[in-house]
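Everything below concerns the one structure shown next.
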Protein chains: 2
Amino acid sequence: MASQRGEGETTTTPAEAADKERARAIPEAAVARLAVYLRVLSGMSESGVTAVSSEELSQAAGVNAAKLRKDLSYIGSYGTRGVGYDVEVLVSHIERILGLTRNHSVAVVGIGNLGHALANYGGFPGRGFPVTALFDVDADLVGIPVGGIPVNHIDEITAICREREVSIGVIATPPPAAQSVCDRLVSAGVQCILNFAPVVLQVPDNVEVRKVDLAVEMQILSFHVARRADEAASVSVGNNGLGVDGMVIRP
Amino acid sequence: MASQRGEGETTTTPAEAADKERARAIPEAAVARLAVYLRVLSGMSESGVTAVSSEELSQAAGVNAAKLRKDLSYIGSYGTRGVGYDVEVLVSHIERILGLTRNHSVAVVGIGNLGHALANYGGFPGRGFPVTALFDVDADLVGIPVGGIPVNHIDEITAICREREVSIGVIATPPPAAQSVCDRLVSAGVQCILNFAPVVLQVPDNVEVRKVDLAVEMQILSFHVARRADEAASVSVGNNGLGVDGMVIRP
DNA sequence: TACCGCTTGTGAACGCATGCACAAAGTCGG
DNA sequence: CCGACTTTGTGCATGCGTTCACAAGCGGTA
């Protein structure tokens, strides 16, 4: 057991609240993967699969089997040695850890191309994330329903977010507006923000921001294209100095 | 010097190609940040700023100053001690490292809501990524221009990607179609893929995939919402069982 | 020219995450 | 009831990435 982390602040915890303590200890990277496992498991569940081994699941999720087991161990021991995991059990535990048992009301700000796409996603991929509010500066858009929800003016963010208990704000505005929108969301009490604008947002410590940056993604790919090209070039020129036809050691 | 990695395959390299060797050594995480620095620097450049210190730049990019300097050191020493960095110089070097000197032709597959949004982004955020081809299964869409480019049928992927030398493929299809589309892109010689479909793609080793997964992002945020809520609860109830006044060990 | 203050570049320590390898724990067949 | 086989859960080692702290280097000033 890796529990009992000698931090001097935790003594023994009750039974039920053990999850909460555990949640603090789950590495960020593992959380992202848990979400992936959850999707794969949901798919299996719908296909009628009831049990799965770490080997199968890890392959379906595109990760190492050992890593998968370690990730699952962060949320507790719900497998059966010699057998594997019960799909339903895993699904429900992961859902609980990820906080998907409660609904998270979502507000989308900036109803341009992307905002439209997001609003129309329809309840957002994976249940549990109802879009309950849309905002834009453009007065012409106000009142028009997109994906079933009428657009409100951006000035109403604070009031409406409070009223509808929005817990996640999605920023899909042009870059210059992003920070200001962010500030308003924060002052409305929104503590989690998903930012599509290519801008580094400044937020207080108690607000969590995740960024989806297309330009960055493209540039990372570009980097790899370039790296590949260079490698190919250096190979075709001559294997890093070591003989071409001679004693090629290379396995 | 961290060079001379004792892998037995690298000897000494010429002068100019030093970049190429360096590129292999840049940590993936650093590459992502370089892209961010580049954007910030571009903005500064447009604002007429010509010089910047690591402190200023790091703050604008939302990272630690030491980390920024280390990241920049991966691409070489282009700063002046006691002064800082020349904005233009940094911009051009980062662009070169990221492979942005050549153009990367992009193909978008799946012209739904998201595909539309992507096609309309107009040359893609940050120059250098011209969208040169669009594909969809829907015959009704074929021929219709989106963002200035006519949609082609998905069956033409291989031919057109080859012809237009597409180097980056963007998958914006529904989940079930993603793997098949991916396979076709790969067989057309595309080596870099940006995947928006919530599916784990199986690709050969020589293909680079980056994933943008809205559901996962939302669920990570959900996790943090839950964590916060738990923390708040445990604080308001009484600090982890240790006495408010009595020895409440919390049931 | 010599000194002073400022900022870069980087060696080294630290911490987190990954992967290995194996004991523990269960099932199944005899 | 026992032994063989399977699969989980995890201690440990390894490697990568982040952070610290400081020497090296440069411009400005007297």
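Worth knowing before you read on, the calculation uses all heavy atoms, side chains too, and leaves out hydrogens, waters and symmetry mates. Here is how names work: the chains are called A, B, and so on, in the same order as the sequence lines, proteins then strands, and each is numbered from 1.
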| query | Is the shortest heavy-atom distance from the side chain of B/Leu201 to the side chain of B/Ile171 under 4.5 Å? | reply | yes
| request: Output yes when at least one side-chain N/O atom of A/Arg81 is less than 4.0 Å from OP1 or OP2 of D/dT10, else no. | output: no
| message | Counting only side-chain nitrogens and oxygens, does A/Asn64 get under 4.0 Å of the OP1 or OP2 atom of C/dC20? | response | yes
| request: Figure out the CG/P separation between A/Asp71 and C/dG19, and round it to whole Å. | output: 10 Å
| message | Do B/Phe196 and B/Leu118 have side chains that approach each other closer than 4.5 Å (heavy atoms only, starting at C-beta)? | response | yes
| message | Regarding C/dG19, can its base be found pairing with the side chain of A/Lys70 as donor and acceptor, where the two atoms are less than 3.5 Å apart? | response | yes
| request: Figure out the OH/P separation between A/Tyr37 and D/dT8, and round it to whole Å. | output: 13 Å
| request: Would you mind reporting whether B/Tyr85 and B/Leu41 have side-chain heavy atoms less than 4.5 Å apart? | output: no
| message | Tell me the interatomic distance from A/Lys67, atom NZ, to D/dT8, atom P, rounded to whole angstroms. | response | 17 Å
| field | B/Arg69 CZ to D/dT19 P, straight-line distance once rounded to whole Å | value | 12 Å
| message | Any non-hydrogen side-chain atom of A/His104 less than 4.5 Å from a side-chain atom of B/Met218? | response | no
| task | Specify the residue among A/Gly82 and A/Ala66 whose closest nucleotide of DNA chain D lies further upstream toward the 5′ end. | result | A/Gly82
| So, is B/Thr80 near the phosphate of D/dC26, with a side-chain N or O under 4.0 Å from OP1 or OP2? | no
| Nearest nucleotide by nearest heavy atom, which residue falls closer to the 5' end of DNA chain C, B/Val52 or A/Val83? | B/Val52
| query | Once you round it to whole Å, what is the distance between P of C/dA25 and OH of A/Tyr78? | reply | 18 Å
| request: Give a yes/no answer on whether the side chain of B/Tyr85 brings an N or O atom under 4.0 Å of OP1 or OP2 in C/dG9. | output: yes
| query | Roughly how many Å is it from CG in B/Leu72 to C1' in D/dG17, rounded to a whole number? | reply | 16 Å
| query | Rounded to whole angstrom units, what separation is found between the CG atom of A/Leu34 and the P atom of C/dA17? | reply | 13 Å
| So, is A/Ser54 near the phosphate of D/dT8, with a side-chain N or O under 4.0 Å from OP1 or OP2? | yes
| Is B/Glu28 paired with A/Arg227 through a side-chain N to carboxylate O contact shorter than 4.0 Å? | no
| Value in whole Å for how far the P atom of C/dG9 lies from CD of B/Glu55 | 15 Å
